[in-house]
Peer 1: 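So that we are looking at the same thing, I have put the structure below in structure tokens.
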Amino acid sequence: MDLSSINWLLLLASLMVASTPILLAGLGELVVERAGVLNLGVEGMMITGAVCGFAIGFETGSAVWGFAAAAGAGAALSLVFGVLTQVLMSNQVATGLALTLFGLGLSSLIGQGYIGERGVNVPDVPLGPLADLPVIGPILFRHDAVVYLSLLLCLAIWLFLYRSRAGLVLRSVGESAQAAHALGTKVVRIRLTAIAFGGACAGLGGAYISLVRVPQWTDGMTAGAGWIALALVVFASWRPWRLLLGAYLFGGLTVLQLNLQAAGVALPVEYLSMAPYILTILVLVIISSGRGRAALGAPAALGRSFHAAA
Amino acid sequence: MAVIALERRPAPSAVWRWATPPLAVLLTMLAGGAMFAALGQDPLIAIRTIFWDPLFAEQFASYARPQLLVKAGPLILIAIGLAMGFRAGVWNIGAEGQYIVGAICGAAAGLALYPADTRLILPLMALAGALGGWAWAMIPALLKTRFGTNEILVSLLLVYVAEQLVAAMALGPLRNPEGGGFPGSRNLARWESSANPELIAGTGMHWGVVTAFIAVIFAYVIFTRHLAGFQIRLMGEAPRAARFGGVRPGRLVILCFGVSGALAGLAGLFEVTGPAGQLNIDFGAGYGFTAIIVAFLGRLHPIGILLAGLLMALTYIGGELAQLMLGLPAAAIQAFQGMLLFFLLGVDVFTNYRLRLGRRRIA
């Protein structure tokens, strides 16, 4: 193995690209869980976003339309989950799983005609003179618009949750739906909005994989990214900035693993490909073993159905 | 303003409990028919090809009927184990991984003894398969009980690890040395000591199906007659009461994961020695995930799971037939199965709530 063959600058530059899908999906799920809803369908919404984004991008030739379609498809699918869990009070774990299973089938159904096609080009947006800075320029300031958007989204979600009244209301719904209801809050409406937002974010994250990271459509291409995003939310203790940190840490390690594969480590590719999943499990263990610190951050009403008893 | 309101029933309705699965199937047929129509198929023909022709059309039945048990066997076996956990609120959703690892361990145990010729090899492999699945399931279970790690995420992430592991095995240690460099193990179905053959010609019955039927009977007895079954239910429906009643949650987590892992491992082993024949890169076929649908569709009840397993097996076979006859894409069936779970969870509202036509009140 030749470690010097790895271009560390390129590695750091691709870190942000590798992290963006899970960051987007994770941010969406964070808001959903803060509203007290556990949506395990992230993987299904991501893959549906990936195929819709790719297909619409391919048909219209516009990446913007592709991303918009992906967000729309993710939100639409998430609302199926929303209606089932919020209006028909179904079990959130089971419904989330159903969403993932359905999304995987639906996506490969939609994607049949697009296998092997080349996707639209998503241009990089160098940020003016910043992009010309040595070392830092290529790493931070020469990415496509979605990367910057994901960072802005992180900031916006932080502002929303901790600096706005609406955010406070959303968090109160997540802590105690009954109490929020008693105060006159429209619990179901708020939760549905949060779920749709989460779905749109997951769709965007999926489309980022099929339009920028790969860029191609293959069946099951999200390969567990949705589950990793769910794990990241736990890792982040339901806080946006820690989610950003976690996503970049994780993205960095993924990129390193890919580079190690390319550098020809004397280990079969399959074992290296396990690394992201094993790593996620290890991180979950470390976080949850810290004397219930993860439990401190979890919204108290997470995963519980709410029915306004008349 | 007159509105339709939902009112919680004092106790879940027994009638609706068993009426919802057929209703969900019916609704799925309608929605699925619409989906097939959108794909340019005649919905009636598509539905008939999937649900009727495999069993009753002369030209297909001789092939398709035995397939029913071949496909239903692993689904039922896995779903029985999962139902036990789901009843207790223990979410093992990584049965696919346990299924794969069971097949790897079982196949490895058998291949280590190749080409010995004794009747004991298949039982030994079954033991190794069950142990493999059990061990794989112990990872999320122990992490849950020792560290409080979320078992849903861990068990699911381990599926991806298992998929990579089976690829590594099929390309590495377990590759057939006489296979001319192709990936995949020796054919276990053609080696007499390890073969899991059709026991009664023309039925599709193999040892895995027999095991599945035995599991159904055992689960029935445990759920209805045994203290463990009662504790599982108590834990799922009233965790606090269960704790006061002396139920130890950690032990139930270990028990539920252990049983479901071992059963999934067995299912994997019987698949690799029978219908699949060899361990290859693409060994995982999604039975572990479909079994989740089977468990819910069967209302987490052994007899229900038996019926649901047969129905889901039928959609697999019918789906293949529709692919062959109508050119319907394979993915359509997957979407169809997912839809079924959606409808089931949706109409289940009638089990716990009743509709009331009334005036809107300030709650």
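Naming: A, B, ... by sequence-line order, numbering from 1 per chain.
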Peer 1: Can you tell me which of B:A335, B:P140, B:G346, B:G338 forms the most heavy-atom pairs within a distance under 4.5 Å of chain A?
Peer 2: B:A335

Peer 1: Could you have a look at A:L97, A:T280, A:I110, A:V83 and say which one has the most heavy-atom pairs with chain B under 4.5 angstrom?
Peer 2: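 Heavy-atom pair counts peak at A:L97.
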
Peer 1: Are A:Y271 and B:L165 packed together at the side-chain level, in the sense that at least one heavy-atom pair is separated by less than 4.5 angstrom?
Peer 2: yes

Peer 1: Can you tell me how far the CG atom of A:L284 sits from the CG atom of B:L143, to the nearest 0.5 Å?
Peer 2: 9.0 Å

Peer 1: Heavy-atom cut-off 4.5 Å, strictly under: side chain, backbone, both or neither for B:Y353 against chain A?
Peer 2: side chain

Peer 1: How many angstroms lie between atom CD of B:Q337 and atom CG of A:L104, to the nearest 0.5 angstrom?
Peer 2: 12.0 Å

Peer 1: Name the member of A:S90, A:A182, A:A98 that forms the most heavy-atom pairs with chain B at distances under 4.5 Å.
Peer 2: A:A98

Peer 1: Given B:L157 and A:I228, is the side-chain contact (heavy atoms from CB on, under 4.5 Å) satisfied, shown in steps?
Peer 2: CA-CA 8 Å; B:L157 287 166; A:I228 289 171; 4.0 Å; yes

Peer 1: With chain A as the partner, which of B:F86, B:F289, B:W91, B:F296 has the greatest number of non-hydrogen pairs under 4.5 Å?
Peer 2: B:W91

Peer 1: Mind checking the CD1-CD1 spacing from A:I281 to B:I139? Nearest 0.5 Å is all I need.
Peer 2: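 CD1 of B:I139 is found 7.5 Å from CD1 of A:I281.
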
Peer 1: Work out which heavy atom in B:A331 is nearest to a heavy atom in A:G105; give both atom names and the distance.
Peer 2: CB-O, 3.6 Å

Peer 1: Any heavy-atom pair between the side chains of B:Y160 and A:M274 that's under 4.5 Å?
Peer 2: no

Peer 1: Does the side chain of B:F342 come within less than 4.5 Å of A:F81's, by heavy atoms?
Peer 2: no

Peer 1: Under 6.0 Å from the CZ atom of B:R146, do we count more than 12 heavy atoms belonging to anything else shown?
Peer 2: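 Atom CZ in B:R146 is not crowded, with 12 or fewer foreign heavy atoms closer than 6.0 Å.
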
Peer 1: Which bit of A:V80 comes within less than 4.5 Å of chain B, counting heavy atoms only: side chain, backbone, both or neither?
Peer 2: side chain

Peer 1: For B:I293, is it the side chain, the backbone, both, or neither that has a heavy atom closer than 4.5 Å to a heavy atom of chain A?
Peer 2: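 Only the side chain of B:I293 comes within 4.5 Å of chain A.
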
Peer 1: Where on B:L345 is there a heavy atom nearer than 4.5 Å to chain A: the side chain, the backbone, both, or neither?
Peer 2: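 For B:L345, heavy atoms of backbone and side chain both lie under 4.5 Å from chain A.
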
Peer 1: Could you tell me if the side chain of B:L341 sits less than 4.5 Å from the side chain of A:F102, heavy atoms only?
Peer 2: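 Not touching, per the 4.5 Å side-chain cut-off.
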
Peer 1: Is there a side-chain contact between A:L230 and B:N150 in this structure, where contact means two heavy atoms from C-beta onward sitting under 4.5 Å apart?
Peer 2: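 They are not in contact (no side-chain heavy atoms under 4.5 Å apart), so the answer is no.
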
Peer 1: So for A:L84, is it side chain, backbone, both, or neither that comes closer than 4.5 Å to the heavy atoms of chain B?
Peer 2: side chain

Peer 1: Between atom CD of B:Q334 and atom CG of A:L109, what is the distance when rounded to the nearest 0.5 Å?
Peer 2: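 Interatomic distance, B:Q334 CD to A:L109 CG, rounded to 0.5 Å: 9.5 Å.
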
Peer 1: Should B:L6 and A:M89 count as side-chain neighbours, where that means a heavy-atom distance under 4.5 Å?
Peer 2: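 B:L6 vs A:M89: side chains touch.
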
Peer 1: Near B:R233 CZ, under 6.0 Å, is it more than 12 heavy atoms from other residues, nucleotides or ligands?
Peer 2: no

Peer 1: Evaluate whether atom CZ of B:R9 has more than 12 neighbouring non-hydrogen atoms of other residues, nucleotides or ligands under 6.0 angstrom away.
Peer 2: yes

Peer 1: Measuring heavy-atom distances to chain A, does B:L340 have an atom under 4.5 Å in its side chain, in its backbone, in both, or in neither?
Peer 2: neither

Peer 1: Please classify the contact of A:L40 with chain B as side chain, backbone, both or neither, using a heavy-atom distance under 4.5 Å.
Peer 2: side chain

Peer 1: Distance check, rounded to the nearest 0.5 Å: B:F147 atom CZ versus A:I287 atom CD1?
Peer 2: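 Reported to 0.5 Å precision, the distance equals 13.5 Å.
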
Peer 1: Nearest 0.5 Å, please: how far is CG in B:L156 from CH2 in A:W227?
Peer 2: 4.5 Å

